[in-house]
Structure formats: structure tokens, C-alpha cells
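Reviewing the structure listed below.
All ligand and atom numbering here is 1-based and tracks the order in the structure.
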Amino acid sequence: MFAQLKEQPADKILALMAAYRADPRDDKVDLGVGVYKDASGNTPVMRAVKAAERRILAEQDSKAYTGLAGDPAFGAAMKSLVLADSVDHAHVAAVATPGGTGAIRQALELIKRAAPKATVWISDPTWPNHPSIINYLGMKSQSYRYFDSETRGVDYIGMLTDLGAMLPGDVVLLHGCCHNPTGANLTMAQWDGLIKLIKEKSAVPFIDIAYQGFGDGLEEDSAATRKVVSAFDNVLIAASCSKNFGIYRERTGILMARCKDADETAITQQNLAFLNRQNYSFPPDHGARIVTTILNDPELRADWEAELEETRNGMLALRKQLADELRRMSNSDRFDFLADHRGMFSRLGTTPEMVEKLRADFGIYMVGDSRMNIAGLNADTVPVLAQAIIKAGI
Ligand code: LMR
């Protein structure tokens, strides 16, 4: 049986992780996979996470199943964190999922059941797992222009023009903040224009928010999501706790579906629970319990928010340092966009050949589309990267 299997294309980000590990050079720099690293190159367990885990260890008296949607307390805490008061929480169906990827997968399966003919519109570029899962599920997709390779900002006109071709009931997948892979984001005024267009087209927004707290702050990063959620009867929101709680391997995420009324919420909730049952039955609980413990305890929450702010400010400082170094070395402002981008990633905007040159000649690993994980840098490696970019002739 297994002899019939065909080879699968390697995931570019995960293949890069393996190549970096196999590189014997001491001075190699990993700007590949989106994992936060501190100044010493570690991905630390956040203080509040450790404290919550200690509390759970001491107090948890059962490992019995929760429910198909996960612990309702997790759903409530996440609705507050992501959506705040943008919508009546009673009209939001929600299920815990294994990470943000699990939430995206369940959202797409829900779309497939509710609107099998819908086309899912994805940004060009987007996180490679978006088209990969859409194709795997045999769904229709189209891409819309997003990145302006001249300015390294958003190609807003191109985006609106392409999305102008959406048909009623189509779904548009948007990054709530910290666009992956480009780091270029819409302004709030641009979100307003986009909402207007999506309404005109009677399309459905689907927001992937995986980096809340990594851009401009917890509230600021969810502002666009909240705006969208308050503007439509139906919105899908896939949220990840991997990055902002640093619990990558715990696989903690949630899918929320904003519904029109109580009846629609009940049927959507029932379908989401059904999908969880088909795919993995009960979602993982440990990470969700950590998150709930932190969000519901004022002291732990304050400490978590403080550490998240330190993380965010650290990334902003690295962006500024890199843009400053490159301004000095290139004697130009052509890399200033790096300081304007937000989140973990920036797309440098160079060719795959140059990306390969950076890897071969300088031991610098970034994704082939020139996505750099800014959190993979530190104060010492920023000048190394800047010099390599200049020496390579980018
Ligand atoms: C990334 O984009 O690097 C992260 O979201 C990790 C992943 O699973 O690809």
C-alpha cells in the first residue's frame, strides 16, 4: 500500500530549518522560521507561562476530557482578548484548535461545508500553509495583489482592484496584523476602504491573527480585526497563542465565527464541534489552560503583558538598528521600510539568487522569497546582516 505514496513537496520554511541545523558554520544566522529569540538566541518560556504551569501542576485534579469545543473558559478569555466588545460574545461560535494552523484548517472545512462553491482569496504573497491547506482540501482560491516591491509597502490599489472581482459569498483571507511574510500592513483608513469593498461584494472576511502584541501593542494589533467583526454578520477569526504566549509546541489556537443571531450561532457551534470530532476529537488542553490561567489572573496577566511589551520593543529596536545600519552603509534611504514594517517578519524584496548568495557566502538563512525573521537577530548580528546585504550587492 505505502509503495503507492507519492513524494510531497517540502514546506519551504521547515526545509530551511533543517538546512540551518545541518550547517556547521559557527557564525551562521537563522532568520528562517517564525520563532521569537532573545538576545542570546534562546526561545524562552515566558515568566507568566511558567507560573501558570506551576499553578496548574499544583491544582489540577483531573485530566478527564473537556468538551469538543475545549474549555469554555478558554473561549471566553480569547473572545475578550481578540474581539473585546466589538461584538456580543453570545453571537460568536468558538472552538479550541491545535494552534493557529488548526483554526485555519477548521475554518476552511467550515467554509467548504457552508459554501462549497466559494473562492478563497489570499494575499500574494501569504503564509505558504494558506494555499497549501486550501489546495489539499480541493477548494478554489485566487490571489490578490498585496505587496508593492518598489515601496515594500502594501499595494493597496492593486489589492482593491483584484478584490473587486470577488463574487457574492466568496471569502477573503486577511492577516489581522503583522502580515506574514511581508511585514507590510494596512492603515486603519485602508481597512475602512477594504471593509466597504467587501460589503459591496457581499463577501465574507476570514482573519488570521497570529501575532497580536508583536506589532504596535495588544489593543492596536487587534483593532482591525475588531473593526471587521463589528461591520459584518459573518466573520471567521483564526487566532494563535503560539507567538504572543511563546507556547509554540503546545499547539494552542482558537477558531471564532461571528454569527448573525442566536440560531446561526447555535448551528455554527454545532458544526465546529462536529469538525473537531472528525479531525481530532477533543482539542489539546494544556496550552489553552495556561492561556486562560494567565488572562484571568490580574497579576499573571500584568506580567505577561509586560514581557510581551519587552519582546515587541526588542523587535522594534532591532528593526530601527538594521534600518540605521543600512542607511549608513548604503548611503541611501532605500532600506528605511524595515523600520516601518511590523511584526516578526520583513520581506527584504530581493531575488531568490540573492537569498541563496546570502546563505552560501555569509551563512545567513532567510526564506527564499527574502522573508527575514527580525526576531532571529540580535544587536551583534544586525551589523553582520547589514554588511552581507551591502556586500552581496542588494
Ligand atoms: C512561520 O511562518 O515561520 C511560522 O508561522 C511557523 C510555521 O509553522 O510556518
Tell me the ring-ring contact (aromatic ring centres under 6.0 Å, His included) pairs involving residues 296-318, sequence neighbours left out? Phe245-Trp304
List the closest protein heavy-atom neighbour of atom 8 (O) of ligand 1: residue, atom name, distance to the nearest 0.1 Å. Trp127 CZ2, 3.6 Å
Could you tell me whether Gly32 and ligand 1 have an N or O pair separated by under 3.5 Å? no
Gln142 and Asp170: side-chain hydrogen bond (donor to acceptor under 3.5 Å, both in side chains), yes or no, with the steps? CA-CA 10 Å; Gln142 288 237 34; Asp170 279 357; over 6 Å; no
Counting from 1 in the order shown, the ligand 1 atoms closer than 4.0 Å to a non-hydrogen atom of Lys243 are 4 (C), 5 (O)
Enter the distance from Thr101:OG1 to Ile133:CD1 here, rounded to the nearest 0.5 Å. 6.0 Å
Atoms of ligand 1, numbered as shown, that sit under 4.0 Å from any heavy atom of Arg371: 1 (C), 2 (O), 3 (O)
Sidechain-backbone polar pair: Asn185 side chain, Gly183 backbone, donor-acceptor under 3.5 Å: yes
State the atoms of ligand 1, each with its element, that fall below the 4.0 Å cut-off from a heavy-atom position in Tyr211. 5 (O)
Heavy-atom contacts under 4.0 Å between Asn180 and ligand 1: side chain, backbone, both, or neither? side chain
By number and element, which atoms of ligand 1 are closer than 4.0 Å to a non-hydrogen atom of Ile13? 2 (O), 3 (O), 9 (O)
Looking only at atom types and distance, does a side-chain atom of Ser132 sit under 3.5 Å from a main-chain N or O of Pro128, one as donor and one as acceptor? no
Under the 3.5 angstrom rule, does the side chain of Asn135 hit a backbone N or O of Pro131 as a donor-acceptor pair? yes
Number the atoms of ligand 1 from 1 as they appear, then name those within less than 4.0 Å of a heavy atom of Val33, with their elements. 3 (O), 6 (C)
